[in-house]
Amino acid sequence: MSMNINFDFVGIAVLIVLMIYFQRKRSSVIASYRMFYVILFDLLLMGIMDIACVVTLQNAGITSTVVMSIVNVLDVFTQIFLFTSYAAYVLCVATIDTNPLQNWMNVIYLPSTLQMMLVTGLAIRGRMVGDSPDAFKTNPVMKVVLMAGVVYEVVIILIIGIRYSKVLGLKKNIHAVTAGVCLAIVGMIEFYRPDYFLTVFIGTLVMTDLLMTVQKPEEIFERSDAMKKKFLYGSAEMDFDRGKSFGMIFIKILDYSVLMDSLGKEDTEAFLKHVTAFLTDLKHNALVFQLDNDLIAVKFPSTGKIEEDSIFEEIQDRFKEPWHSGFMEAMLSVGFLRVGCPSEINNIDTFKHMLGNMNLVQMQPGEEYPLAKLLGDDKEQQMLKAIRRALDEDGFQVYYQPIYSTREKKVIAAEALIRLFDPEYGFIPPEPMIALAEKEGYILRIGEIVFTEVCRFYSKNKLDKLGIEYIEVNLSAVQCMQSLLAEQFIGIMKEYKLGPERINFEITESSAMINDAEVTRNIARFEQQGVSLSLDDYGTGYSNISYLYNLPFMIMKVDKSILWTSEKNEKADIILKNTFRMAKRLKMKVVMEGVETEEQIKKLLALDCDYFQGFYFSKPVEGKKFIDYVKGFSLPEVCKG
């Protein structure tokens, strides 16, 4: 028996070390951390009860039978609670929230409650009939019930592991489920052989493994002890789904760069830890997140505006006082923004939109930044709603603007342009719509929709038979930085049996100037496949022209602003003429955008322009009208010379 107790002593020693480590972490607001600590405490108590059982039995002559009965009952209670708390822990890891799903918790805790009632009843019955204080442990009924309870909890753990497999990930899932099975096996052994005290020792090893594989603080917390930004999205989305009210206060440290320069990274983070600690203690279940180096947010359950105002005032008052770290003292200059959900923001999309705009905020020391200003005006919100509706309901349309060849004297290509006509808000202007889609993260889906439709349209209508050599498709900077863009789009072309010569990708100057390996790789991949590239919007303000000789552009599309300005500005006219000369020397074809008058055409023909695009020939039109235009194209008199 002493050997078994020695295992308990080793387990208790390790548990104390683990508990001290966890007590030092300011993470008790995370449910998984709380449950991890609960399991450690339960194992510690189990070890103490194991030792107490042995000691009281060895000294039965001088120990009260009542005390011995209580010790034995508590010993069994700790075993029952271990499996229940572990199942709850796996759920907490899967949900990463302050309050895991209550329905799941009811399913987990109900059987253990019934088991404890049974144990208590059997112990009382044993006392009444004069059995020994530990006789109930060998009762066959109790063994069957306890075994059934362990199997039940293991099944629950497996179900949670499967249900939340994407959240847990394969590695965490394997460790979490394996740990539960190990605890179950050891527990069953101890139920049948009460003199084998192995659960505490094995449980300690299991928890140590989980600490290194599942419960990694660095995966959740920044060095400031605040949680990582990604967990804010999950926590907020869960509250929106449940209809729970919460408040948020954002704190931007305006002199962060000054602190870094004067104190260094380590000491600056020490001050941030004190800020995190203060915010964490503001209210029970408050969560603190670090969204950027200089931006911290606290999220807390809210009962209404009065409570939110009170918490905000407390934070304001605290930042009027100096912060201390060791022997150092510093006043932190901060700005604030606060929001109540769902009273001010009632859905996760608007919430994400708000967070996406946070880096644009220019706060003033001590002042509260207006939420309405951050969210943008009503027009932007309407536009965002229209974009989401179009994505859900296939509402985007592709229009085509003809491109005229001065050599062949006919329309030989077209530029594909996206259009959105919302049933509620009407026509949505493309330029601000695309900018908003880029900011909100929708541009990749939109880009794929447009390109797929272009390929489908070209293939279905056999545009090559109409003399349309290729379609120009715009690529945004965000698209160009996607690692598998080239492979994805080449795959779509193959799906519709389009040769690479049928597509020309337009890349803006701003995209071409991005010093990103993926941009370069995508461009090189397109070139290797035989897809031609155009430099779009040339002349819109970027002076670095190294991309003209570093990247494989075959066509230069000159921005309409140069042409229009050249008609009334001599310097702009010189720039236009030299642009054409440079393009010709670089052996690049030139497309002039914005051609609207005969005078412009005469001027461009004199400059040996290769292609015209503009309202003089046609505005962007839907697919059927474009085909009709090409079939009925009549050469203008000004182009016949």
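Put simply, the side chain of Lys589 never gets that close to the backbone of Tyr611: no donor and acceptor are under 3.5 Å apart. Judged by distance alone, with hydrogens and angles left aside, the side-chain atoms of Gln600 form a donor-acceptor pair with the main-chain N or O of Glu596 at under 3.5 Å. A donor-acceptor pair under 3.5 Å links the side-chain atoms of Asp610 to the main chain of Val590, judged by distance alone. In this structure, the side chain of Trp564 engages the main chain of Gly594 through a donor-acceptor pair within 3.5 Å. Listed for the Gln482 side chain is a donor-acceptor partner under 3.5 Å among the backbone atoms of Val478. For the pair Asn569 (side chain) and Thr565 (backbone), a donor-acceptor distance under 3.5 Å is absent. A donor-acceptor pair under 3.5 Å is absent between the side-chain atoms of Tyr458 and the main chain of Ile503, judged by distance alone. Here the side chain of Asn347 pairs a donor or acceptor atom with the backbone of Thr350 at under 3.5 angstrom. Of the possible polar contacts, one joining the Ser302 side chain to the Gly304 backbone as a donor-acceptor pair under 3.5 Å is found.
For the side-chain contact (heavy atoms from CB on, under 4.5 Å) test, residues two or more places apart in sequence or in another chain that qualify with Thr452 are Glu448, Ile492, Tyr496. With sequence neighbours excluded, the residues forming a ring pair (Phe, Tyr, Trp, His ring centres under 6.0 Å) with Phe319 are Trp323, listed by chain and number. Taking the salt bridge (Lys or Arg N to Asp or Glu O under 4.0 Å) definition, one finds that Lys603 meets it with Asp573, sequence neighbours left out. For Phe246, the ring pair (Phe, Tyr, Trp, His ring centres under 6.0 Å) criterion is met by Phe240, not counting sequence neighbours. Qualifying salt bridge (Lys or Arg N to Asp or Glu O under 4.0 Å) partners for Glu308, counting only residues two or more places apart in sequence or in other chains: none. Tyr425 meets the ring pair (Phe, Tyr, Trp, His ring centres under 6.0 Å) test with no other residue; sequence neighbours excluded. Asp309 pairs by the salt bridge (Lys or Arg N to Asp or Glu O under 4.0 Å) definition with Lys305, Arg338, not counting sequence neighbours. Residues satisfying the ring pair (Phe, Tyr, Trp, His ring centres under 6.0 Å) test with Tyr233, not counting sequence neighbours, are none. Here Lys385 pairs with Glu424 under the salt bridge (Lys or Arg N to Asp or Glu O under 4.0 Å) rule; sequence neighbours left out.
With values rounded to the nearest 0.5 angstrom, Leu466 atom CG is found 10.0 Å from Lys410 atom NZ. Rounded to the nearest 0.5 Å, atoms CG (Leu337) and CD (Glu367) are 12.5 Å apart. In this structure, CD1 in Ile348 is found 9.0 Å from CE in Met354, a value given to the nearest 0.5 Å.
Heavy atoms only, all atoms of each residue included: Ala416 and Ile471 are closest at CB-CG2, 4.0 Å. Closest approach of Glu438 to Ser476, counting heavy atoms only: OE2-CB, 2.8 Å. Contact record, Leu291 with Ala297: CD1-CB, 4.1 Å, taken as the closest heavy-atom pair. Summarising the geometry of Gly366 relative to Gln316, their closest heavy-atom pair is O-NE2, 4.1 Å, with the distance given to 0.1 Å. In plain terms, the two heavy atoms of Met592 and Cys609 that are nearest each other are CB-SG, 3.8 Å. The two atoms that bring Asn293 and Leu272 nearest to each other are O-CD1, 4.1 Å, heavy atoms only.
The shortest side-chain heavy-atom distance between Met227 and Leu232 does not fall under the 4.5 Å cut-off. Within the 4.5 Å cutoff, the side chain of Arg502 has no heavy atoms near those of the Met493 side chain. A 4.5 Å side-chain heavy-atom check between Lys577 and Leu607 finds at least one atom pair inside the cut-off. The shortest side-chain heavy-atom distance between Phe489 and Val531 does not fall under the 4.5 Å cut-off. Between Phe250 and Lys252 there is no side-chain heavy-atom pair separated by less than 4.5 Å. Between Ile507 and Leu535 there is no side-chain heavy-atom pair separated by less than 4.5 Å. Counting heavy atoms from C-beta on, the side chains of Ile311 and Phe300 come closer than 4.5 Å.
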Item to check | Verdict with reasoning, Asp422 to Met383, per side-chain contact (heavy atoms from CB on, under 4.5 Å) | outcome: CA-CA 9 Å; Asp422 185 75; Met383 192 183 302; over 6 Å; no

Checklist entry - Is there a side chain to side chain donor-acceptor pair (under 3.5 Å) between Lys497 and Ser459 once you walk through the steps? => result CA-CA 7 Å; Lys497 297 180 174 55; Ser459 178; over 6 Å; no

Checklist entry - side chain to side chain donor-acceptor pair (under 3.5 Å) between Ser224 and Gln290: does it pass, once the steps are laid out? => result CA-CA 8 Å; Ser224 64; Gln290 186 167 358; 2.5 Å; yes

Next on the checklist: Using the rule given for side-chain contact (heavy atoms from CB on, under 4.5 Å), can you reason through Phe457 versus Leu463, listing the C-alpha separation, both sets of side-chain angles and the distance that settles it, and then say yes or no?
Outcome noted: CA-CA 8 Å; Phe457 178 73; Leu463 296 187; 3.7 Å; yes

Item to check | Ile468/Val630 under side-chain contact (heavy atoms from CB on, under 4.5 Å): CA gap, chis, key distance, verdict | outcome: CA-CA 9 Å; Ile468 303 301; Val630 174; 3.9 Å; yes

Checklist entry - Yes or no on side-chain contact (heavy atoms from CB on, under 4.5 Å) for Leu605 and Phe612, after CA distance, side-chain angles and deciding distance? => result CA-CA 10 Å; Leu605 287 173; Phe612 298 154; 3.8 Å; yes

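Under the 4.0 Å criterion applied to side-chain N and carboxylate O atoms, Asp608 and Arg581 are not assigned as salt-bridge partners. Between Glu599 and Lys602 there is no salt bridge, since no side-chain nitrogen of the basic residue lies less than 4.0 Å from a carboxylate oxygen of the acidic one.
Other residues, nucleotides and ligands place no more than 12 heavy atoms under 6.0 Å from the NZ atom of Lys619. Summarising the local packing, CZ of Arg585 is surrounded by 12 or fewer heavy atoms from other residues, nucleotides or ligands at distances under 6.0 Å.
Taking the six-membered ring where tryptophan is involved, the planes of Phe336 and Phe312 are perpendicular, since the angle between them exceeds 60° and thus also 30°.
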Tabulate below the donor-acceptor pairs under 3.5 Å that side-chain atoms of residues 390-402 make, not counting sequence neighbours, or state none.
| unit_1 | atom_1 | unit_2 | atom_2 | d |
| --- | --- | --- | --- | --- |
| Gln401 | OE1 | Gln613 | NE2 | 3.1 |
| Gln401 | NE2 | Ser618 | O | 3.1 |

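In this structure, Phe289 has its ring center no closer than 6.0 Å to that of Phe231. Residues Phe451 and Phe505 bring their aromatic ring centres within 6.0 Å.
A salt bridge (Lys or Arg N to Asp or Glu O under 4.0 Å) check over residues 339-353, counting only residues at least two apart or in different chains, returns the pairs Asp349-Arg388. Annotation: salt bridge (Lys or Arg N to Asp or Glu O under 4.0 Å) contacts involving residues 466-486, sequence neighbours excluded, comprise Glu472-Lys557.
A donor-acceptor pair shorter than 3.5 Å can be found between the side chains of Ser532 and Asn504. Judged purely by distance below 3.5 Å, without hydrogens or angles, the side chains of Asp559 and Ser561 pair a donor atom with an acceptor atom. Side-chain contact, Gln479 with Asn522: no donor N or O sits under 3.5 Å from an acceptor N or O.
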